[in-house]
Colleague: 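Sharing a structure, written as structure tokens. Questions coming.
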Amino acid sequence: MLLGTFLLLLLLPGADPASAHAALRATDPADGSVVPAAPRGVTLTFTESVGLLDDSFRVLDPTGHRVPTGDAEHAGGHADTARISLPAGLGRGTFTVAWRVVSADSHPVSGAFTFSVGAPSATAAPVPTGPAEDPLTAFLYGSARGAAYLAAALLIGTAAFVAVCRPTRVRPLRGLLRAGGWGLAGATVLLLVLRAPYETGDGPSAALDLDALGRTLTGRPGWALLARLVLLAASALLLTHAARRGRPSRTHLALGAVLAVGLALTWAAAEHASAGIQVPLAMTSSVVHLLAMAAWLGGLTALLVLLRRDTPPLATVTRFSRLAMLSVTALAVTGLYQSWRGLGTLTALTDTSYGRLLLAKLAAVTVLLTAADWSRRWVAERARSTTPVERKEELRMPQPVGATRTKTPAPDGLTERPPEAGTPRPPEAGTPRPPKTGTPRSPEAATALTEPSSDGDAHRRALRRSVLVEVLVAAVVLTLTTVLTGTLPGRAEAEARATRQAAALPATSVVMAPFGVAGHRGTVQVTLDPARTGDNAVEAVVYGADGGLAAVPELRIAFTFPAQDIGPLNADLTDRGGYWATNAVNLPLPGTWTMKVTVRVSDVDQVTVQKPVRVAR
């Protein structure tokens, strides 16, 4: 049923293609374009809202020197744009723009592109191709994120185990609560300190910059981390007060549930769920998913701790079995929705890093469910093989002959009445009959009455092994979950890939064709728009040797495709007062065409130059 629902969700189209992690939609000037005059600014448009950094843009001139720019801002107040102003007198040549912004889901994204003023220059600053972030900072930040998930599972899961399963011994679990609380507090502080260098891509030493820390505290991720610390302090006070009372009251349970939901919201408000499609539903699903994960995996750890020395009461194990089943159901429902939201299409399972990681997580969860099913069947078998009296009292030890019997509640909850005088009392179910007076007891019988059976220890060891396997596989699941939170979702990766492919295809193709004949020298700048198969517009401008516009009596352009022996295809250019143009040149095939430019400078002098032109599909 769950698999069918998963496939159905993948086949359904999304309401919006954008889903977490901003992808660059367009640049102005366009990547690889040639503009006749220097622009007054550079504008980027993204698929979702982005946050700006102090150093979001770096513009390099053809010699590699940095161009002074204005402060980064949102163009026209639109949160999905980023813009900087450029100085006057920018000069000619190819300029490189490197950018870095922060997605709405708190993950930084970066890139670079080039544009040329007047004409491409012989030299240009190299486009950055190295890692977009410092490896050590990324490792530390990712490790802190994973530690935060683990600590949250210990804290919330152990507290839920105590509240729902009601174990008879709570003292061994206090260490788990302390480890979860302090671990989550330490991981949160580390995330808060490393947030600024993680966003800017700098090394860990940048965490010492107090100004950068101040900027972190004013952003949404910083607010979420601060709120997490406040909720942790309140949780510590609540747990301390409940420990003094011995058992949590209903007020403690209600407040604990509110704090647990608040802690889960600090993740949902700053991760993938906070951006993309269906944000309210996605955040609700994320909160339920995290709480269910904590209740299951944290409860497993608590059960493993109790199993180290003896078998917990069967009622405790049975309650946890029910809690685990409820948690697994919640994880399946929310996990299916989040998978559909992150992937978008079935092919993204194998075509994207997010999809492949998700498949690995599903495989680990399958192993986890297999071990959990074994544990659940163990609990069911123990429950079926235990009598009602044993389930109520867990274990009844045989009484010595003539000893005073302690009154115990009857199965219906009433107080058991003592037998009337002279009335023989029947033996209780499961209690061995005492030997008759004067009858010697064999050593084997004495051993059977004084030593417990080894079956209980065998059952405990089997359950402990199963729970240990669950805990170890759960650690792998948590690791994969941590990696998934920092991975570009498949839906967004597909859109980013399509955007990059569209950007790789030039919107226009600009070719410079120098010529010289009869003492006349110059350059013809030919623009082919959109430089794709089908109809194209052609514009040609003739520049003299001094770089100014030059008038010529005739200009002809023809295209040939040697690979298929096509052409020449003549472009019927007309003089439009300063430039030559036509709107109807049909280039039927993609590939490299040969453009022949013929310039006539007088009644008898003309020259023809050839240049390759790339035509995209």
Side-chain angles (χ1 to χ4, degrees), residues 152-177 180 238-239 242-243 245-257 259-261 288-333 368-396 409 411 413 456 459-471 474:
L154 287 179
L155 177 62
I156 299 176
T158 304
F161 184 86
V162 172
V164 176
C165 303
R166 302 192 295 275
T168 56
R169 297 189 306 117
V170 181
R171 184 178 297 275
L173 303 180
R174 293 178 181 175
L176 287 181
L177 291 172
L238 179 65
L239 290 174
R245 288 177 53 92
R247 284 290 179 181
S249 63
R250 292 184 178 180
T251 303
H252 290 139
L253 297 178
L255 291 177
L259 291 175
V261 172
V288 174
H289 195 82
L290 181 61
L291 292 178
M293 177 273 297
W296 185 21
L297 305 187
L300 279 174
T301 308
L303 182 60
L304 183 63
V305 169
L306 294 182
L307 285 169
R308 290 180 58 187
R309 296 184 179 180
D310 56 9
T311 304
L314 184 60
T316 299
V317 182
T318 303
R319 294 187 191 106
F320 175 72
S321 181
R322 296 168 183 167
L323 176 64
M325 189 64 184
L326 180 63
S327 300
V328 169
T329 303
L331 284 171
V333 174
L368 188 59
L369 288 174
T370 303
D373 180 66
W374 193 96
S375 300
R376 179 175 174 81
R377 284 188 285 111
W378 181 92
V379 174
E381 291 174 0
R382 291 289 293 171
R384 286 194 299 268
S385 63
T386 306
T387 63
V389 175
E390 289 174 329
R391 284 198 296 270
K392 190 168 187 67
E393 302 182 14
E394 296 298 330
L395 182 65
R396 178 184 294 275
H459 283 299
R460 179 170 62 89
R461 288 194 297 269
L463 180 60
R464 184 172 58 189
R465 285 193 298 268
S466 175
V467 174
L468 179 59
V469 171
E470 291 185 65
V471 171

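Numbers for residues simply follow the sequence, beginning at 1. Note that these values count all heavy atoms, side chains included, but never hydrogens, waters or copies made by symmetry. Just so it is clear, the structure is predicted and the values come from calculations on it, not from any experiment.
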Colleague: In sequence, state the C-alpha distance, the side-chain angles, and the governing distance for F320 and L300, and then conclude on side-chain contact (heavy atoms from CB on, under 4.5 Å).
Modeller: CA-CA 9 Å; F320 175 72; L300 279 174; 3.8 Å; yes
Colleague: Take T158 and V305 through the side-chain contact (heavy atoms from CB on, under 4.5 Å) test and state the conclusion after the steps.
Modeller: CA-CA 11 Å; T158 304; V305 169; over 6 Å; no
Colleague: So which heavy atom on P167 is nearest to which on L306, and how close?
Modeller: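 Result for this residue pair: CB-CD1, 3.9 Å.
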Colleague: Please lay out, stage by stage, how V333 and V288 fare under the test side-chain contact (heavy atoms from CB on, under 4.5 Å).
Modeller: CA-CA 10 Å; V333 174; V288 174; over 6 Å; no
Colleague: Do T301 and L154 have side chains that approach each other closer than 4.5 Å (heavy atoms only, starting at C-beta)?
Modeller: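 Yes, at least one pair of side-chain atoms sits under 4.5 Å.
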Colleague: Is any side-chain heavy atom of I156 closer than 4.5 Å to a side-chain heavy atom of F161?
Modeller: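 Side chain of I156 against side chain of F161, heavy atoms only: no contact under 4.5 Å found.
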Colleague: Might you work through the side-chain contact (heavy atoms from CB on, under 4.5 Å) test for R166 and T316, ending with a clear yes or no?
Modeller: CA-CA 6 Å; R166 302 192 295 275; T316 299; 5.7 Å; no
Colleague: If I take atom CG from residue L331 and atom NE2 from residue H289, how far apart are they, to the nearest 0.5 angstrom?
Modeller: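 The CG atom of L331 sits 5.0 Å away from the NE2 atom of H289.
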Colleague: In Å, rounded to the nearest 0.5 Å, how long is the span from CG of L176 to CG of L155?
Modeller: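 It comes to 10.5 Å.
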Colleague: What is the minimum heavy-atom distance between A294 and A152, and which atoms define it?
Modeller: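 For A294 versus A152, the nearest heavy atoms are CB-O, 4.1 Å.
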Colleague: Looking at A260 and L291, what are the two nearest heavy atoms and their distance?
Modeller: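 Taking every non-hydrogen atom into account, O-CD2, 3.5 Å.
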Colleague: A153 and M293: which non-hydrogen atoms are nearest, and at how many Å?
Modeller: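 Shortest heavy-atom separation between A153 and M293 comes out as CB-SD, 4.0 Å.
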Colleague: Please find the pair of heavy atoms, one from S327 and one from A295, that lie closest to each other, and give the distance.
Modeller: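 Smallest heavy-atom distance, with atoms named: OG-CB, 3.7 Å.
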Colleague: Roughly how far apart are S321 OG and L326 CG, rounded to 0.5 Å?
Modeller: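 Going from OG on S321 over to CG on L326, the span is 11.5 Å.
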